[in-house]
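Just below is one structure, and these are the notes that go with it.
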Amino acid sequence: MSLFGIIGPIVKAISLPSAVIVALRAWISSIALILFVILTKRKIDRETFKSYVLPMSMCGIFMAIDWIGLFEAYNYTTVAISTVCYYMQPIMVVIGSALLLKEKFTIKHVICAITAFIGMFFVSGVLSGKAPTVAELKGIGFALLGAVSYAAIVLTNKKNPQGDPVVKTAIQLFVAAILTTPYILLSYDVTTLSIDLKGIILLLILGIFITAIPYIIFFNTITKIPARTVAIFSYADPVVAVLLSIFVMGEPMTVFGLIGSVLIIGAALVSELKN
């Protein structure tokens, strides 16, 4: 999740529309993983593969909806409001894990999840701005659609722990790449797009080191820890993004941002402390 927080500065340095970067990110990461599977001659048990290929393909669909939903939200409302709505996802994971996976969680975990979400309000900066208007409801809807899709990815992976995490990740990213491509072709005139060598290098870094490898770790890890833990630590993403914006990109830190970061990190730590 901390690695995912690096995406923002990298995307800003690439001279392509964000949605186009999303599609290229999916293609680069999926191709890299497929080549890795082939070159390392990883053994794939047919019966096990059959048991997870369909749910992992579904996760690929959820991933495409997740990414597209978030970037569509940016087109209709502010980044702050989109971020707050999108980061309803950990709360959805907590609720989904209780209802669908029958995971036990205590009042402490509920309070920590809510505290982290409140922290997200502070980090996003939405508290220092105006409330969303009626015209922005469409953007809020897209952001919430992305959040639901993210929660579906986590819960589906937890429901299907069997199989090689590398192969499972490759399937999800490949399906996401296929589905995001028509969206890009219909939304942009790709013949007018251009990119320099720096952009190409950053795209490769984004696809391989900030997507393929972290997703392998992510999908392998979430099958071994409670969904509530996944939910709380998902907030590491925006906290890292805020810290990078301050110390690397030189953007100012607001009091709201500082309070939010403390709430999120504190909630994450308290939730995992033994009673």
Looking at T156 and A152, what are the two nearest heavy atoms and their distance? OG1-O, 2.7 Å

Compute the ring centroids of F142 and Y86, then answer whether they are less than 6.0 Å apart. no

Between S234 and V93, is any pair of side-chain heavy atoms under 4.5 Å apart? no

Any donor and acceptor pair, going by atom type alone, linking the side chain of K158 with main-chain N or O of I225 inside 3.5 Å? yes

What about L185 and Y188, same hydrophobic cluster or not, with Ile/Leu/Val/Met/Phe/Trp/Tyr joined at side-chain heavy-atom distances under 4.5 Å? yes

Which of L3, N157, I213, V230 passes side chain to side chain contact (heavy atoms under 4.5 Å, CB included) with F218? It is V230

What's the spacing between I210 CD1 and F4 CZ if we round to 0.5 Å? 9.0 Å

Inter-residue atom distance C59.SG - F219.CZ, 0.5 Å rounding: 6.5 Å

Run the side-chain contact (heavy atoms from CB on, under 4.5 Å) test on M92 and Y150 for me, step by step, so that the C-alpha distance in whole Å, both residues' side-chain angles and the decisive distance to 0.1 Å come before the verdict. CA-CA 9 Å; M92 295 175 182; Y150 173 89; over 6 Å; no

Check the pair T40, V166 against side-chain contact (heavy atoms from CB on, under 4.5 Å), reporting the backbone distance first and the verdict last. CA-CA 11 Å; T40 55; V166 177; over 6 Å; no

Give me the atom names and distance for the closest heavy-atom approach of L173 to L33. CD1-CD1, 3.8 Å

What I want to check is whether the side chains of W27 and T181 have a donor and an acceptor closer together than 3.5 Å. yes

Tell me the closest heavy-atom pair linking T169 and A212, and the distance in Å. CG2-O, 4.4 Å

With the side chain counted from C-beta on, respond yes when L203 and L16 share a heavy-atom pair under 4.5 Å apart, and no when they do not. yes

Evaluate whether atom CZ of F209 has more than 12 neighbouring non-hydrogen atoms of other residues, nucleotides or ligands under 6.0 angstrom away. no

What is the distance from atom OG1 of T223 to atom CG of N160, rounded to the nearest 0.5 Å? 10.5 Å

With side chains defined as the heavy atoms from C-beta onward, is the minimum distance between I178 and F174 less than 4.5 Å? yes

Hydrophobic clusters here meaning ILVMFWY residues chained together by side-chain heavy-atom distances under 4.5 Å, can you tell me if I114 and I111 are in one? no

Does the side chain of L101 come within less than 4.5 Å of L155's, by heavy atoms? yes

Any side-chain heavy atom of I65 sitting closer than 4.5 Å to one from I61? yes

Could you state the interatomic distance from OG (S51) to CD (Q162), rounded to the nearest 0.5 Å? 4.0 Å

To the nearest 0.5 Å, tell me how far L263 CG sits from I118 CD1. 7.5 Å

Greater than 12 external heavy atoms within 6.0 Å of I107's CD1: no

When you look at D45 and D164, which way does the side-chain contact (heavy atoms from CB on, under 4.5 Å) test go after all the steps? CA-CA 9 Å; D45 181 81; D164 187 330; over 6 Å; no

Can you hop from I216 to I7 via hydrophobic side chains spaced under 4.5 Å? yes

So R25 and W67, do their side chains get closer than 4.5 Å, heavy atoms only? yes

Do I21 and I10 sit in the same hydrophobic cluster, where Ile, Leu, Val, Met, Phe, Trp and Tyr count as joined when their side-chain heavy atoms come under 4.5 Å apart? yes

Which class fits the ring pair F49 and Y52: parallel under 30°, tilted 30 to 60°, perpendicular over 60°? perpendicular

Atom of P214, atom of I208 and distance for their closest heavy-atom approach: CD-O, 4.2 Å

Side chains of L202 and L206 in contact at under 4.5 Å (non-hydrogen atoms): no

Less than 3.5 Å apart, any donor N or O on the side chain of Q89 or D66 sitting next to an acceptor on the other? no

Side chain K41, main chain I38, donor-acceptor under 3.5 Å: no

So if you build clusters from Ile, Leu, Val, Met, Phe, Trp, Tyr with side-chain heavy-atom gaps below 4.5 Å, do V240 and I217 land together? yes

Minimal heavy-atom distance between I222 and V154, with the atoms involved, is CD1-O, 3.9 Å

Which atom pair, heavy atoms only, marks the closest approach of S30 to A177? OG-CB, 4.2 Å

Is the shortest side-chain heavy-atom distance between I44 and V37 below 4.5 Å? yes

Criterion side-chain contact (heavy atoms from CB on, under 4.5 Å) on K168 and Y215, from CA distance to verdict: CA-CA 10 Å; K168 292 166 67 178; Y215 266 122; over 6 Å; no

Just verifying a value: how many Å separate L193 CG and S15 OG, rounded to the nearest 0.5 Å? 9.0 Å

